[in-house]
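Okay, structure first, notes after.
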Amino acid sequence: MFGSLLIANRGEIACRIIRTARRMGLRCIAVYSDADARAPHVLLADEAHRLGPAPARESYLNVQALLEAAARSGAEAIHPGYGFLSENADFAEACGHAGLAFVGPPPAAIRAMGSKSEAKAIMEKAGVPLVPGYHGSDQAQDLLASEAQRIGYPVLIKASAGGGGKGMRVVERPEDFEAALGSAKREAAASFSDDRVLVEKYLTKPRHIELQVFADSQGNVLHLGERDCSIQRRHQKVIEEAPAPGMTPERRLEMGESAKAAAAAIGYLGAGTVEFIAEGDAFYFMEMNTRLQVEHPVTEMITGQDLVEWQLKVAAGEPLPLRQEEVRLTGHAFEVRLYAEDPARDFLPATGRLAHLRFPEESPHLRVDAGVREGDEISVHYDPMIAKLIVWDRTRAAALRRLAGALALTEVVGTTTNLAFLQRLAAHPAFAAAAFDTGFIARHGAELQPEAGMASDDVLALACLAELLARDEEARRAAAASSDPYSPWWATDGWRLNAGTHRRLIFDDGAGERAAVVHYLPDGLYEIELEGRSIQARAQLRDTREGGGGSFVGGRIEADLAGRRLVATAVWQGRQLTLMSDGQARRLTLFDQLAAGEADETKDDRLVAPMPGKVVQVLVEAGAEVTAGQPLIVLEAMKMEHTLSAPAEGRIAALRYAAGDLVEEGVELVEFAAAEVAGEVPA
Ligand code: ADP
Ligand code: ADP
Ligand code: MG
């Protein structure tokens with residue numbers, strides 16, 4: 001075994017690899033971009049080396065900088081993690097030339113599977129079943145269109161070099177083929193510097209089932225069972241589980257043999273995943289990922305094995321720790337991917353500083369793989385995954401209960417996340433019954449969206465208490481810092497703030513304005529009047545939290561509401577309050593009397609960038625008349641394309657940006673004048 005390992009990655013996977021490597025006694029070397037100088041993976045490692053500026057191209061994808069860091073640190077091996085350079089054969093080769101052990105398969109095996117098209121050709125020869133489709137090298141548009149016709153609609157266009165669901169377009173009708181092809185090719189070129197595509201029959205109710213395979217240099221190949229990753233959005237996994245519901249030992253054997261044949265066909269080494277798409281009794285090869293997979297922990301949970309340890313052993317020339325017949329699958333595991341993204345806006349990636357971040361305590365039943373801490377930034381530069389929660393129990397039903405419990409104890413403030421969405425997914429009866437396919441999220445979309453109804457009286461009362469306690473706390477801090485801490489001017493029992501001993505508070509709960517009047521009674525008791533109802537309350541603030549510069553941002557509120565005890569976590573960001581209690585988060589804005597006069601007059605028709613990114617294409621000209629829904633501009637962020645369409649019939653008054661421009665979130669991209677609606681036209 002080598003003595004030191006450089007981890008050419010960041011975030012949760014870098015942390016996860018370091019943990020195992022450290023346990024095995026290896027010296028761990030981290031690398032980082034300027035954006036990550038104080039990231040958890042850097043602090044966790046024995047030493048860390050700077051690669052370059054924040055953009056991945058200049059840091060985590062910079063082969064030269066990585067090899068220099070390896071040389072400088074005396075690393076003997078390199079683990080690429082997933083994403084970034086993990087499936088880059090040239091990088092694997094360069095590591096070999098530099099005398100470094102690459103923790104992954106040989107470059108030739110990466111190359112063979114690097115192109116989905118070539119992989120399909122190889123699998124065809126090895127007798128592994130394929131989805132009907134076209135994966136030839138001729139990329140003429142007419143040919144692709146006629147192949148699509150031959151395959152039969154709906155079809156799926158995929159980037160040959162693809163990954164992460166990028167460069168993939170479902171096409172329902174021939175007339176949409178050309179536009180979909182253009183957009184898939186653009187996204188593929190931007191993400192993989194390779195715009196070649198393949199076309200496949202689009203299966204409408206399939207499941208994604210993948211096999212974890214492992215091979216060593218002694219010629220042993222085995223599989224560690226399957227994972228079901230059918231719960232997807234944008235063709236990307238959201239919840240994964242092992243084993244796959246409904247899997248029989250016979251079918252596992254059959255799929256396992258196919259997966260092993262795939263690995264053997266390319267002289268595989270180390271960890272790999274063979275992805276199949278299954279419909280009815282049939283299963284077809286989709287692609288092979290020649291690296292550790294994001295969702296590998298569910299396999300670890302049911303096999304009791306550490307896959308990173310296996311990877312390191314194989315890379316060091318040792319044999320696989322088990323033989324196929326020694327592999328035991330026990331119980332059931334789920335993983336959820338907690339993303340900074342907005343499920344209500346088609347899962348658009350989000351950014352922001354994690355003002356507050358809490359996970360439930362880890363146990364044999366719960367594992368939390370996170371690569372960020374409270375205070376860290378989810379930036380536009382990298383993947384927006386915040387953490388993975390992995391649960392295990394004897395049965396699927398019990399594991400699912402654990403999942404719901406773990407999600408309820410997870411708290412994130414500072415960026416939009418899919419947390420509430422995951423909770424609804426985990427609670428959905430059809431999911432509990434394992435009645436799903438890859439279209440589950442699309443089909444149940446509406447039920448899975450968290451509802452933005454009115455805040456309950458409990459939440460409003462807690463919001464009032466949060467505000468009062470925050471004032472108290474701030475007054476206490478100001479007093480402690482002042483020369484006369486006993487001055488009556490620091491008192492917060494209400495008499496000074498208003499003429500009487502009450503305070504009127506107005507919150508916006510997203511559904512509307514909610515008013516409350518709080519009366520200050522003796523002995524720390526409050527009476528909260530809410531729309532005709534009156535509640536006697538008392539509350540205490542515990543575990544107060546500071547933000548940047550030591551300012552107060554919130555804490556845990558222990559409240560007594562008319563004899564009922566409630567606990568909530570409150571986090572303030574300016575006037576915005578996030579209240580988390582009972583597994584639910586609620587955002588409220590405290591109405592500012594002073595700012596009330598200048599309420600913003602944002603027009604609904606403004607076409608603003610929904611995220612920071614790059615304009616890749618402008619599809620209209622200034623002055624053009626457009627119809628409602630007509631695509632106007634294509635924006636790319638986090639390697640994902642997003643098309644903005646006309647909100648209504650109208651005219652393009654002006655174009656603000658051109659292709660290639662970088663834009664901030666919220667800037668107006670196109671000046672749009674909606675057509676005047678008949679009947680509203682002034683005489
Ligand atoms: P990536 O490299 O992005 O992971 P995959 O080829 O593995 O690309 O496909 C990603 C997902 O897209 C799959 O998990 C599956 O849900 C869906 N998908 C892929 N091929 C098909 C197909 N032919 N029909 C229906 N869905 C598909
Ligand atoms: P998996 O099947 O394991 O989800 P994918 O092919 O979908 O694999 O993508 C691999 C994973 O790598 C993604 O889930 C994503 O989180 C991560 N990833 C992809 N591109 C990047 C990137 N540029 N930076 C960081 N992580 C990335
Ligand atoms: Mg895939």
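For this chain, numbers begin at 1 and follow the sequence in order. Treat the numbers as computed from the prediction; the structure is a model and nothing was measured. Counting starts at 1 for both ligands and their atoms, in listed order.
Taking the ring centroids of F436 and F431, they lie under the 6.0 Å cut-off.
Near G162, with a cut-off below 4.0 Å to any heavy atom, the atoms of ligand 1 are 2 (O). Under a 4.0 Å criterion applied to the non-hydrogen atoms of I277, ligand 1 contributes the atoms 18 (N), 21 (C), 22 (C), 24 (N), 25 (C), 26 (N), 27 (C). Remark: ligand 1 atoms within the under-4.0 Å shell around heavy atoms of H235 are 10 (C), 11 (C), 12 (O), 17 (C). Short contacts between ligand 1 and Q232, defined as distances under 4.0 Å to a heavy atom of the residue, involve ligand atoms 11 (C), 13 (C), 14 (O), 15 (C), 16 (O). Contact atoms of ligand 1 toward G163: 1 (P), 2 (O), 3 (O) (distance under 4.0 Å to a heavy atom of the residue). Annotation for ligand 1: atoms under 4.0 Å from non-hydrogen atoms of K158 are 6 (O), 19 (C), 20 (N). Close contacts of ligand 1 with E200, meaning ligand atoms under 4.0 Å from a residue heavy atom, involve 20 (N), 21 (C), 22 (C), 23 (N). For ligand 1 and E287, the ligand atoms under 4.0 Å from any heavy atom of the residue are 1 (P), 2 (O), 4 (O), 5 (P), 7 (O), 8 (O).
Ion pair E295/R337 flagged as a salt bridge, since at least one NZ, NE, NH1 or NH2 atom sits closer than 4.0 Å to an Asp/Glu carboxylate oxygen. For R396 and E241, the salt-bridge test passes: some basic side-chain N is under 4.0 Å from an acidic carboxylate O.
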Please walk me through it: do F177 and I157 pass side chain to side chain contact (heavy atoms under 4.5 Å, CB included)?
-> CA-CA 9 Å; F177 189 81; I157 303 174; 3.8 Å; yes

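Considering backbone and side-chain atoms together, K201 places an N or O closer than 3.5 Å to an N or O of ligand 1. At under 3.5 Å, not a single nitrogen or oxygen of P206, backbone or side chain, sits near a nitrogen or oxygen of ligand 1.
At a 4.0 Å heavy-atom cut-off, ligand 1 touches T438 through the side chain alone.
Screening E118, E87, E93 for a salt bridge (charged side-chain N to carboxylate O under 4.0 Å, His left out) involving R111 leaves a single residue, E93.
Relative to the six-membered ring of F102, R291 misses at least one condition, a distance below 6.0 Å or an angle of at most 45° to the axis.
Heavy-atom distances between K116 and ligand 1 reach below 4.0 Å in at least one pair.
Between the side chains of S117 and R196, no donor-acceptor pair is found at a separation under 3.5 Å.
A salt bridge (charged side-chain N to carboxylate O under 4.0 Å, His left out) check over residues 435-444, counting only residues at least two apart or in different chains, returns the pairs D437-R443.
Applying the side-chain hydrogen bond (donor to acceptor under 3.5 Å, both in side chains) rule to N62 yields no partners; only residues at least two apart in sequence or on another chain are considered.
In this comparison of H208, E279, M168, the heavy atom closest to atom 10 (C) of ligand 1 sits on M168.
Here E287 contributes OE2 and E275 contributes OE1, and at the Mg ion (ligand 3) these two atoms make an angle of 90°, given to 10°.
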